[in-house]
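Here is the structure we will look at.
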Amino acid sequence: MRLLTHNMLSSNIKGVANGFPLKIEVEKVVAKEVDFNIDFLKNMFHKVEWKALAEASRTMGYAELPEKADAAILESDDFLHKFHHALLELHLEEGALVCPETGRKFPVTKGIPNMLLHEDEV
């Protein structure tokens, strides 16, 4: 699971008011090379919740993203390469996503998060 995906997921358990961002429990992280696309990165920058992305990347062992970022930083090639790596190349292969409110764990197996809810959570 890429951090791009993580940045768009939230817990939909019944009664949860704040299910974003999901905490990450890491068992295995892999880096998979992806073609660099500046236009895609510049468009996605405005859609990404930055604080959640930066925290998730640190949890996965990549501490190169700044705590805060604004649109002006998109002019830096160095930043764009770091953003690209964190957003698209880091993959959570094994681990779990944890609801910040309830602590419910959603397993991630072979890079696929299982976000299915139990009957009593719907």
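Throughout, numbering of the chain's residues begins at 1 and tracks the sequence. The model shown is predicted, which means the values in this text are computed figures rather than measured ones.
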Checklist entry - Parallel, tilted or perpendicular: which fits the ring planes of Phe83 and Phe45, with parallel below 30° and perpendicular above 60°? => result perpendicular
Checklist entry - In terms of the angle between their ring planes, are Phe79 and Trp50 parallel, tilted or perpendicular, with boundaries placed at 30° and 60°? => result tilted
Item to check | Lys105: partners by side chain to side chain donor-acceptor pair (under 3.5 Å), with sequence neighbours left out | outcome: Glu25
At what distance, to the nearest 0.5 angstrom, does [atom1] of [X] lie from [atom2] of [Y]?
{"X": "His6", "Y": "His91", "atom1": "NE2", "atom2": "NE2", "answer": "14.5 Å"}
{"X": "Lys110", "Y": "Ile112", "atom1": "NZ", "atom2": "CD1", "answer": "8.5 Å"}
{"X": "Leu87", "Y": "Arg2", "atom1": "CG", "atom2": "CZ", "answer": "8.5 Å"}
{"X": "Leu3", "Y": "Glu55", "atom1": "CG", "atom2": "CD", "answer": "11.5 Å"}

Keeping the roles fixed (side chain from [X], backbone from [Y]), state whether a donor-acceptor pair exists under 3.5 Å.
{"X": "Ser76", "Y": "Ile73", "value": "no"}
{"X": "His84", "Y": "Leu80", "value": "no"}
{"X": "Asn7", "Y": "Glu49", "value": "yes"}
{"X": "Glu89", "Y": "Val34", "value": "yes"}
{"X": "Glu75", "Y": "Ala72", "value": "no"}

Next on the checklist: My understanding is that only residues two or more places apart in sequence, or in another chain, count here; which of them pass side-chain contact (heavy atoms from CB on, under 4.5 Å) with Thr102?
Outcome noted: Ile13, Val16, Cys99, Arg104
Item to check | Counterpart residues, side-chain contact (heavy atoms from CB on, under 4.5 Å), relative to Glu64 (two or more places apart) | outcome: Tyr62, Lys82
Checklist entry - In this structure, are over 12 heavy atoms from other groups packed under 6.0 Å from Asp35 atom CG? => result no
